[in-house]
Amino acid sequence: MTENEQISKILELWQALPETKPLVHVIPNQVSAAFCADAMSASGARPVMAGSSLETGEITEHSRAFVANLGQPSREKEAAVRESLLSAARNRIPVVLDPVGAGASAYRLQLAGSLLSLPWKGIVKGNASEIYTICTGQLTHQGVDSIGFGSPELSPPANPLFSGRILAVTGKEDCILDDGGQRIILSHPAPLSHAIVGTGCAAGCLCGCFAALTEDLFLAAAAGLSFFSYAQSRVDDLKGYGSSKLHLLDFLSQTEADGFKRYLQSILTYQSGGRTK
Ligand SMILES: Nc1ncnc2c1ncn2[C@@H]1O[C@H](COP(=O)(O)OP(=O)(O)O)[C@@H](O)[C@H]1O
Ligand SMILES: Cc1ncsc1CCOP(=O)(O)O
């Protein structure tokens with residue numbers, strides 16, 4: 001597939017989201033749960049956020065995709081996520097796993113490893129720091145963001161836990177890759193003025209919304225990250241942190257196809273098997 005074909009397919013997926021309104025199950029964290037639900041809803045999906053192991057497997061079974069956000073982990077949350085991942089594997093529901101703050105503590109790293117070893121299909125979405133920790137096993141003890149981490153060197157991930165899955169890494173540039181060497185790079189032209197809390201979580205949720213629409217999870221991850229980064233880049237020049245966050249939701253619900261297409265043409269690079277197309 002060529003770069004232009006990838007862009008056309010991303011635009012098709014994005015247009016299909018508000019028409020299809022897929023039900024997407026998220027086990028969120030308490031910090032960003034409401035923002036994630038709003039971002040999903042503004043983009044056209046129907047979020048359902050359920051976090052008790054008494055019901056998570058059942059709710060995942062009847063959803064079109066499942067997003068496991070591992071922020072604020074606990075034994076109870078671990079059990080709920082495990083139920084959903086096993087249900088997703090049984091019922092062929094696509095998964096997005098977001099290992100929030102994987103390098104912040106030994107518990108988070110062990111948790112991510114143990115959930116990655118379950119047999120589900122889907123996308124692992126993290127910032128450069130989180131993916132570094134999962135690939136190397138090194139803790140960073142730097143909280144949930146990725147200060148100090150540049151573009152990840154991944155070609156393709158040697159870690160067997162990623163085998164058969166899509167890896168979506170955010171940061172100075174975003175990188176989406178599969179285990180066959182296919183890769184999309186999104187080169188952000190400028191750094192953002194505000195590190196808005198919850199944007200990484202919301203980007204993962206949008207990957208889940210698009211995964212609900214297609215079996216091509218590489219494309220779904222590219223659609224989720226590119227759509228969300230487009231919205232971020234367009235609201236970033238507003239005055240303050242709070243109004244930028246609010247305008248982000250407005251923008252997600254009002255994006256125009258021409259602007260999104262031009263953005264994709266300016267930031268997206270597609271490589272297949274190491275060759276730039
Ligand atoms: N300079 C940028 N311009 C536009 N979007 C960006 C930029 N940097 C990151 N993003 C987007 O912000 C979202 C969150 O990424 P990131 O800040 O790396 O996550 P986290 O909050 O987990 O550290 C992603 O959708 C990513 O594409
Ligand atoms: C769980 C958690 N703890 C502090 S901020 C946060 C939410 C994650 O933020 P982001 O989506 O920006 O990585």
Side-chain angles (χ1 to χ4, degrees), residues 10 14 26-40 43 51 67-74 77 81 96-105 107-108 111-112 123-134 140-152 167-176 184-210 220-238 241 244-245 247-249 251-252 255 259-260 263-264 266-268:
I10 288 173
W14 166 72
V26 181
I27 297 185
N29 67 67
Q30 291 174 37
V31 177
S32 63
F35 180 62
C36 287
D38 280 329
M40 295 167 79
S43 307
V67 180
N69 181 297
L70 303 186
Q72 297 181 303
S74 65
K77 181 169 183 174
V81 171
V96 177
L97 187 97
D98 184 348
V100 176
S105 72
Y107 172 55
R108 288 188 194 225
L111 174 63
I123 300 164
V124 181
K125 193 290 308 173
N127 63 35
S129 162
E130 290 155 352
I131 299 301
Y132 164 84
T133 287
I134 290 178
T140 54
H141 291 126
Q142 290 294 314
V144 299
D145 51 26
S146 61
I147 288 171
F149 281 82
S151 307
L167 189 56
V169 191
T170 64
K172 195 172 168 202
E173 63 181 24
D174 297 342
C175 178
I176 300 107
I184 282 178
I185 308 283
L186 306 173
S187 307
H188 305 306
L192 296 168
S193 323
H194 308 292
I196 297 177
V197 166
T199 49
C201 303
C205 288
L206 286 192
C207 293
C209 295
F210 292 112
L225 294 191
S226 60
F227 179 41
F228 199 73
S229 73
Y230 177 44
Q232 290 230 85
S233 68
R234 287 296 301 273
V235 303
D236 190 56
D237 55 355
L238 299 172
Y241 183 111
S244 291
K245 189 163 189 176
H247 280 85
L248 197 48
L249 298 176
F251 194 85
L252 291 171
T255 307
F260 187 27
Y263 177 76
L264 288 169
S266 68
I267 65 150
L268 186 148

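Whatever order the structure lists ligands and atoms in, that order sets their numbers, starting from 1.
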Which ligand 2 atoms does Thr199 reach within 4.0 Å, using its non-hydrogen atoms? 11 (O), 12 (O)

Rounded to the nearest 0.5 Å, what's the gap from CD1 on Ile176 to SG on Cys207? Could you check? 7.5 Å

To the nearest 0.5 Å, how far apart are OG in Ser226 and CD1 in Ile10? 4.5 Å

Please name the pair of heavy atoms, one in Lys125 and one in Val96, separated by the smallest distance, quoted to 0.1 Å. CB-CG1, 4.1 Å

Is there a side-chain contact between Phe35 and Leu249 in this structure, where contact means two heavy atoms from C-beta onward sitting under 4.5 Å apart? yes

Give, for atom CG of Leu252 and atom CZ of Arg234, the distance between the pair rounded to the nearest 0.5 Å. 12.0 Å

The atoms of ligand 1 lying under 4.0 Å from a heavy atom of Gly171, numbered in the order shown, are 8 (N), 9 (C), 18 (O)

Out of all atoms in ligand 1, which are within 4.0 Å of some heavy atom of Gly200? Include the element for each. 14 (C), 19 (O), 20 (P), 21 (O), 22 (O)

Val197 N/O to ligand 2 N/O under 3.5 Å: no

What atoms of ligand 1 come within less than 4.0 Å of a heavy atom belonging to Pro191? 1 (N)

Nearest-neighbour protein heavy atom for atom 5 (S) of ligand 2, which is reported as residue plus atom name and distance: Val144 CG2, 3.6 Å

Heavy-atom distances under 4.0 Å decide this one: backbone, side chain, both or neither, for Asn127 against ligand 1? side chain

To the closest 0.5 Å, what do you measure between OH (Tyr263) and CG (Leu186)? 6.5 Å

How far is atom 2 (C) of ligand 2 from its nearest protein heavy atom, and which residue and atom name does that atom have? Val31 CG2, 3.8 Å

If the plane angle is over 60° it's perpendicular, under 30° parallel, otherwise tilted; pick one for Trp14 and Phe260. perpendicular

Number the atoms of ligand 2 from 1 as they appear, then name those within less than 4.0 Å of a heavy atom of Gly200, with their elements. 10 (P), 11 (O), 12 (O)

Using 0.5 Å steps for rounding, measure from the OG1 atom of Thr255 to the CZ atom of Phe227. 3.5 Å

Beyond-backbone contact of Val197 with Tyr241, side-chain heavy atoms, under 4.5 angstrom: yes

Quick check on contacts: which atoms of ligand 1 are under 4.0 angstrom from a heavy atom of Ala203? 24 (C), 25 (O)

Can you figure out which of Pro73, Cys201, Gly204 has its heavy atom closest to atom 11 (O) of ligand 2? Cys201

Does any non-hydrogen side-chain atom of Val26 lie less than 4.5 Å from one of Met40? yes

What are the atoms of ligand 1, with element, lying closer than 4.0 Å to any heavy atom of Phe228? 25 (O)

Check for me whether Ala190 has a heavy atom closer than 4.0 Å to any atom of ligand 1. yes

Closest approach of Pro99 and Leu97, non-hydrogen atoms and distance? CD-O, 3.5 Å

Considering distance alone, does some N or O of Gln232 sit under 3.5 Å from an N or O of ligand 1? yes

Answer with side chain, backbone, both or neither: which part of Ser229 has a heavy atom less than 4.0 angstrom from an atom of ligand 1? both

heavy-atom search around atom 17 (O) of ligand 1 in the protein gives Thr199 OG1, 4.6 Å

For ligand 1, find out whether one of its N or O atoms is nearer than 3.5 Å to an N or O atom of Asp174. yes

From Thr133 atom OG1 to Arg108 atom CZ, the distance as rounded to the nearest 0.5 Å: 11.5 Å

Can you tell which part of Thr170 has a heavy atom less than 4.0 Å from ligand 1: side chain, backbone, both or neither? both

Distance flag for atom 23 (O) of ligand 1, protein heavy atom under 4.0 Å: yes

Considering non-hydrogen atoms of the protein only, which is the closest contact for atom 12 (O) of ligand 2, and what is the distance? Gly198 N, 3.0 Å

